[in-house]
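If you're wondering where the values come from, they're calculated on a predicted model, not measured in any experiment. Read the numbers this way: they start at 1 and go in the same order the structure lists the ligands and their atoms.
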Amino acid sequence: MKADHLLYRISICKSMDQLKQIHLQAFIKGVSLDPFICSKLIVFCCTQDPGSVDYARQVFDIIPEPKVFIWNMMIKGYSRTSRAECAISMYVQMLRRDMKPDNYTFPFLLKGFKKRVRLEFGKGIHCHVCKFGFGSNPAVETSLIHMYSLRDTNDARVVFDACLKSNAITWNIMIAGYNRSKLFDKSRKLFYEMEKSKIKPTCVTLVSMLSVCSKLKDSNGCKHVHGYIKDGRIESNLVLNNALVDAYAACGEMDAALVVFKNMKTRDVVSWTAILSGFLNLGKLDLAREFFDQMPVRDLVSWTAMIDGYIKQNRFKEGLMLFKNMQDAKVEPDEFTMVSILTACANMGALELGEWVNVWINKNKIKNDVFVGNALIDMYFKCWEVSKAVDVFKKMPKRDKFTWTAIIVGYGINGFGYAAVNMFNEMLNASIKPDQVCYLGVLCACTHTGMVDEGRKFFADMSIHHGIEPEVEHYGCMVSLLGRAGLLAQAYDLINTMPVRPNSVVWRALLGACGIHKDVDLAEIAAKKVVELEPENGGVYVLLCNIYAACSRWDDLHELRNIMMIRGVTKIPGSSCIEIYGTVNEFVARDRSHLRSEEIYSTVEMITEDLRVFGYAPEVSETFLDIGE
Ligand SMILES: *[C@@H]1O[C@H](CO)[C@@H](O)[C@H](O)[C@H]1NC(C)=O
Ligand SMILES: *[C@@H]1O[C@H](CO)[C@@H](O)[C@H](O)[C@H]1NC(C)=O
Ligand SMILES: *[C@@H]1O[C@H](CO)[C@@H](O)[C@H](O)[C@H]1NC(C)=O
């Protein structure tokens with residue numbers, strides 16, 4: 001009688017504190033050794049959230065002869081808190097005390113075998129399973145397959161093939177196992193085998209299959225699964241619908257995805273984000289944004305996806321603006337958001353914001369992953385903060401290929417050619433294999449510093465030592481390198497003998513070099529090629545005009561001016577960005593869209609006037625590359 005009331009209280013108990021009070025009552029009333037009370041206490045501690053397997057253990061240790069059910073509960077308690085070693089030790093004690101495991105013992109035990117538990121233990125338990133005659137118990141087989149599938153899908157498949165496979169759970173485990181190991185083809189194949197074996201897929205099967213379809217971009221697979229929902233063979237729910245929307249969207253089937261989305265009775269942020277990512281993957285940024293603005297709730301993933309969408313399409317200003325909105329919405333960014341923001345900062349020269357990101361990363365103990373470090377290095381270099389970039393590089397605990405590429409390219413664009421070459425050699429010494437981008441970086445560094453011999457050597461090494469065939473960009477660098485050094489004939493030769501079709505960049509490199517060394521004839525050839533390849537680019541005419549002027553070829557200059565007038569050649573306006581008090585301002589030549597453009601233009605005039613007073617005349621003789629006077 002006394003115990004009954006306590007048993008009832010345990011059954012409605014909500015927390016460990018309450019449970020401990022009930023336990024105390026049991027002591028006071030002298031029923032603390034009542035087997036039912038002990039059993040219920042242990043069950044609560046081992047199965048409820050939050051429970052406490054350690055508390056259960058205290059109760060367990062005073063039970064004189066625990067039944068197999070109690071042993072199982074203890075094993076379950078350890079397994080669900082990922083303490084596989086304790087669960088195994090419990091199992092061993094159980095055997096020592098002559099208790100026979102039952103059909104629950106092994107599933108509970110194997111559940112705790114997360115990936116880190118060694119395979120040998122799993123195999124040992126497998127032997128016991130056979131020894132105690134549970135080799136063909138479906139629940140035990142399923143947990144064995146699961147245990148193996150976390151380690152090696154081949155082992156799992158052996159057990160899977162030998163078992164009866166009469167229910168969907170066994171199949172689900174194997175299908176999910178293949179998916180987890182990224183063996184998507186095998187996973188899909190098994191799904192179709194399952195259908196052939198007339199086993200009805202469950203919701204779990206279909207979610208796995210959709211996950212696989214999204215990876216394989218298999219829209220027919222999506223439609224096949226969709227059929228189950230359409231004709232009511234399976235009752236859909238939020239998770240399944242989300243998986244379907246996500247899979248359609250991943251396959252680029254936005255119409256189908258939207259139909260499912262619109263028919264959903266309830267939607268959560270995952271459903272919305274699936275559509276959002278679908279549009280973003282297709283590069284339909286503005287559609288994505290429209291959708292994003294309609295989202296009732298936006299989480300970290302959706303914010304970051306949208307921001308990253310802008311950055312990927314070089315719409316940095318809008319990306320940064322959205323980041324500001326994200327902060328206003330009090331959504332905490334993570335390292336992925338930060339890498340996007342750093343990329344934007346790098347491209348807009350927004351050093352102040354970049355610095356803020358750096359501080360933020362350190363303060364928030366963001367996982368200082370290699371890829372965050374790489375983005376920081378890139379940002380500092382693009383903002384001309386060489387020493388800070390190098391500082392980040394030196395402090396990085398781990399570096400990958402991209403880290404080295406960032407430092408080589410960064411030194412190069414900042415005019416530290418020798419440092420870039422040194423870094424490249426250090427990278428080789430650190431046994432990192434350079435790739436095309438890396439070679440482009442070091443070749444450009446040579447170009448800017450005029451290191452002709454080094455450049456030639458790197459260019460040759462590329463294919464000879466590293467098996468990388470130079471691409472058109474590498475040839476562009478070499479043409480520039482040779483041309484600027486005055487080796488115009490060699491540069492022209494290289495263009496004529498290169499195995500890939502020279503593009504306008506290559507010809508423009510030659511044209512630029514002709515400008516420096518005042519070679520009109522070659523300049524005309526190069527300019528003609530650039531115009532052929534890029535008829536809408538007005539800059540090349542200006543360049544050629546400059547060269548004619550520099551060589552006093554006034555007739556040619558006059559003629560070209562006429563052609564330009566007839567063709568209505570305009571130049572793409574130059575633009576530049578500047579960050580003031582954390583806001584990035586973009587200026588385009590002759591642009592008057594800035595809020596304070598009146599003030600800006602009058603200040604520019606003032607400065608120009610002041611300069612004139614001090615006898616300054618703008619330097620125009622060097623404006624060969626793409627810029628008009
Ligand atoms: C274990 O066996 C009992 C009876 O033999 C059965 O009622 C129960 O459903 C089985 N449980 C599992 C998980 O196989
Ligand atoms: C499928 O596997 C991938 C990783 O390979 C994982 O991200 C995804 O969540 C898995 N899907 C399901 C439904 O288990
Ligand atoms: C190359 O690496 C070794 C250590 O692996 C180091 O002792 C040596 O100084 C390095 N050489 C250069 C040129 O960096």
Side-chain angles (χ1 to χ4, degrees), residues 43 46-47 67-73 75-76 79-80 91 99-112 114-115 125 128-130 132-147 149-153 156 159 163-191 194 201-218 221-222 224-226 228-229 234 236-251 268 270-271 273-274 277 281 301 305 336:
V43 169
C46 292
T47 60
K67 298 252 171 6
V68 66
F69 169 74
I70 301 290
W71 286 100
N72 286 348
M73 276 304 129
I75 290 172
K76 180 173 185 169
S79 282
R80 68 199 286 271
Y91 171 72
M99 290 302 297
K100 283 227 161 39
D102 68 4
N103 57 349
Y104 288 99
T105 311
F106 292 113
F108 288 162
L109 184 55
L110 288 166
K111 193 116 227 170
K114 300 281 147 57
K115 209 164 178 159
I125 296 301
H128 280 231
V129 164
C130 299
F132 286 104
F134 294 105
S136 51
N137 177 301
V140 177
E141 277 174 332
T142 307
S143 45
L144 275 175
I145 296 169
H146 183 252
M147 182 275 293
S149 77
L150 291 177
R151 291 160 181 80
D152 186 342
T153 47
V159 182
C163 78
L164 261 178
K165 305 184 276 278
S166 54
N167 66 31
I169 299 171
T170 325
W171 291 85
N172 289 353
I173 299 261
M174 197 64 225
I175 289 173
Y178 278 137
N179 170 60
R180 203 180 305 107
S181 308
K182 303 199 190 323
L183 299 166
F184 305 119
D185 271 324
K186 288 193 172 174
S187 190
R188 179 172 59 183
K189 190 156 167 262
L190 199 61
F191 172 81
M194 176 179 182
T202 64
C203 201
V204 175
T205 329
L206 298 182
V207 170
S208 278
M209 173 64 179
L210 286 170
S211 181
V212 166
C213 289
S214 76
K215 290 283 182 343
L216 295 173
K217 309 253 177 287
D218 174 6
C222 296
H224 184 78
V225 174
H226 197 175
Y228 275 90
I229 302 172
I234 197 136
S236 194
N237 57 28
L238 181 64
V239 174
L240 183 54
N241 277 326
N242 279 349
L244 189 58
V245 173
D246 185 71
Y248 270 134
C251 298
D268 62 4
V270 178
S271 345
T273 308
S277 323
N281 285 340
V301 178
F336 296 101

Contact (N/O only, under 3.5 Å) between Lys215 and ligand 2: no
Note, Met194 side chain near Asn172 side chain (heavy atom, < 4.5 Å): yes
For Lys182, atoms of ligand 2 separated by under 4.0 Å from a heavy atom: 4 (C), 5 (O)
Sub-4.5 Å side-chain heavy-atom contact between Tyr248 and His226: yes
Partner set under salt bridge (charged side-chain N to carboxylate O under 4.0 Å, His left out) for Arg151, not counting sequence neighbours: none
Working for ring-ring contact (aromatic ring centres under 6.0 Å, His included), residues Tyr91 and His128: CA-CA 11 Å; Tyr91 171 72; His128 280 231; 5.5 Å; yes
Asp246 side chain vs Ala249 backbone, donor-acceptor pair below 3.5 Å: no
Ring geometry between His224 and Phe191 (parallel below 30°, tilted from 30 to 60°, perpendicular above 60°): perpendicular
Need the list: ligand 1 N/O atoms against protein N/O atoms, distance under 3.5 Å, rounded to one decimal.
unit_1: ligand 1; atom_1: 2 (O); unit_2: Asn103; atom_2: ND2; d: 2.2
unit_1: ligand 1; atom_1: 11 (N); unit_2: Asn103; atom_2: ND2; d: 3.0
unit_1: ligand 1; atom_1: 11 (N); unit_2: Tyr104; atom_2: OH; d: 3.3
unit_1: ligand 1; atom_1: 14 (O); unit_2: Asn103; atom_2: ND2; d: 3.2

Geometric N/O contact Ser208 with ligand 2, under 3.5 angstrom: no
Enumerated ligand 2 atoms positioned under 4.0 Å from heavy atoms of Ser211: 1 (C), 8 (C), 10 (C), 11 (N), 12 (C), 13 (C)
Side-chain H-bond candidate by donor/acceptor type, Ser187 with Asn179, under 3.5 Å: no
Separation of Cys251 SG from Lys215 NZ (nearest 0.5 Å): 11.5 Å
